[in-house]
Each structure stands twice: as structure tokens, then as C-alpha cells.
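Report on the structure given below.
The figures here come from the full heavy-atom set of this structure, side chains too, leaving out hydrogens, waters and symmetry mates.
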Amino acid sequence: MALTLAPLVNTTLAIQIHTAAAMIAIVVTLLIFTRPRGSRAHRRLGWVWVGAMLTVALTSFGIRHGGPLWGYGWIHLLSLWVIAGIGYALIQIRRGQIARHRGMMLGMVWGGLVIAGAFTLAPGRIMHAVLIGG
């Protein structure tokens with residue numbers, strides 16, 4: 001494993017912001033999981049997470065790789081889902097629907113961070129070059 005930031009430094013600003021926001025979301029996710037649900041720290045970190053995830057989703061539209069719709073691919077559907085999901089989760093927590101809020105937030109962690117993040121490690125992708133080399 002050969003860690004090098006060169007591929008990330010030498011890419012577009014949209015990809016750099018997208019990656020930084022994703023890294024923030026990952027760290028904040030771990031911090032949120034260490035705090036009691038509903039606590040003040042959980043809520044504050046939750047707002048940081050929302051901002052980071054919205055940044056990840058929105059900057060994805062500045063990243064196109066020849067997908068079937070004006071350069072956009074299936075992964076951009078995930079970005080739309082995250083944007084809508086954040087709205088849904090916020091409405092649910094305001095209504096006191098904790099289970100629905102939690103379910104949507106966990107779905108975005110798994111779908112928007114874990115699964116989508118795993119795809120960034122595929123050969124030929126920037127994060128593959130950063131973390132693995134080549």
C-alpha cells in the first residue's frame with residue numbers, strides 16, 4: 001500500500017471538495033456513533049454531518065465521467081437520494097419519528113458512505129490511486 005496524495009492534488013476542485021466533505025462525513029459519523037442518541041453533542045455533530053453530506057451530494061454533480069445522461073451516471077441517483085433523504089430525516093426527527101429518522105440516516109451512512117465509498121477504491125479511480133497506488 002503506497003499512500004500518495006498526488007492524484008487528489010492534481011484533480012479538479014470539485015473532486016477535492018467532494019473528497020474532503022466525504023472524509024469529514026466519515027469522521028463525524030464515527031463521532032456521532034460514540035455519543036448518546038439525542039444528546040446535545042449528537043445533534044450538533046448531526047448538523048455538521050448534514051452539511052458534509054449535502055456538500056458530497058452537490059459536488060458530485062460537478063463530477064461527470066461519460067454517463068448516459070449528459071455525463072451523469074447511476075451514482076448521481078444516489079446523490080439525489082441523499083439530498084431527499086436528508087430532508088426526509090429532518091422532517092421525521094422534528095415530528096418525533098425517531099425510528100424513521102434513524103433508519104434514513106443509517107441508510108445514508110451505508111449507501112452514501114460505505115457502499116459508494118467502496119466503489120471509489122476500484123482500479124482506475126482517484127481514491128484507489130491515493131490509497132493503493134497506481
Restricting to non-hydrogen atoms, name the atom on [X] and the atom on [Y] that form the minimum distance, rounded to 0.1 Å.
X: G112; Y: W81; result: N-CZ3, 4.4 Å
X: T55; Y: A21; result: CG2-CB, 3.6 Å
X: P7; Y: T4; result: CD-O, 3.5 Å
X: G111; Y: L78; result: O-CD2, 3.3 Å
X: L30; Y: T34; result: O-CG2, 3.2 Å

In Å, rounded to the nearest 0.5 Å, how long is the span from [atom1] of [X] to [atom2] of [Y]?
X: R37; Y: H101; atom1: CZ; atom2: NE2; result: 10.5 Å
X: M105; Y: M53; atom1: CE; atom2: CE; result: 9.0 Å
X: L131; Y: L5; atom1: CG; atom2: CG; result: 9.0 Å
X: L31; Y: I24; atom1: CG; atom2: CD1; result: 11.5 Å

Can you tell me if [X] uses its side chain to pair, donor with acceptor, with the backbone of [Y] under 3.5 Å?
X: H18; Y: I63; answer: no
X: T11; Y: L8; answer: no
X: H42; Y: R35; answer: no
X: H76; Y: S60; answer: yes

Report whether [X] and [Y] are members of the same hydrophobic cluster (ILVMFWY, side-chain heavy atoms less than 4.5 Å apart, transitive linking).
X: L45; Y: I93; value: no
X: I91; Y: Y88; value: no
X: I26; Y: I75; value: yes
X: I17; Y: M23; value: no

Test side chain to side chain contact (heavy atoms under 4.5 Å, CB included) applied to V28 and W47, step by step: CA-CA 10 Å; V28 172; W47 283 112; over 6 Å; no
Heavy-atom neighbours of L121 CG exceed 12 at 6.0 Å: yes
Atom CZ of F119: over 12 foreign heavy atoms under 6.0 Å: no
Worked verdict on I126 versus V130 for side chain to side chain contact (heavy atoms under 4.5 Å, CB included): CA-CA 6 Å; I126 290 173; V130 168; 4.2 Å; yes
Side chain to side chain donor-acceptor pair (under 3.5 Å) against T29, all qualifying residues, sequence neighbours excluded: W49
Derivation of the side chain to side chain contact (heavy atoms under 4.5 Å, CB included) call for M108 and L113: CA-CA 7 Å; M108 286 185 283; L113 290 175; over 6 Å; no
L13 vs T59 side-chain heavy atoms within contact, under 4.5 Å: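 Side chain of L13 against side chain of T59, heavy atoms only: no contact under 4.5 Å found.
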Close side-chain approach of V82 and V56, heavy atoms under 4.5 Å: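 The answer is no, as the side chains (C-beta and beyond) never meet within the 4.5 Å cut-off.
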ring-ring contact (aromatic ring centres under 6.0 Å, His included) involving F33 - partner list, sequence neighbours excluded: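 ring-ring contact (aromatic ring centres under 6.0 Å, His included) check on F33 returns nothing, list empty.
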Sole residue of M104, R102, Q97 in side chain to side chain contact (heavy atoms under 4.5 Å, CB included) with R100: Q97
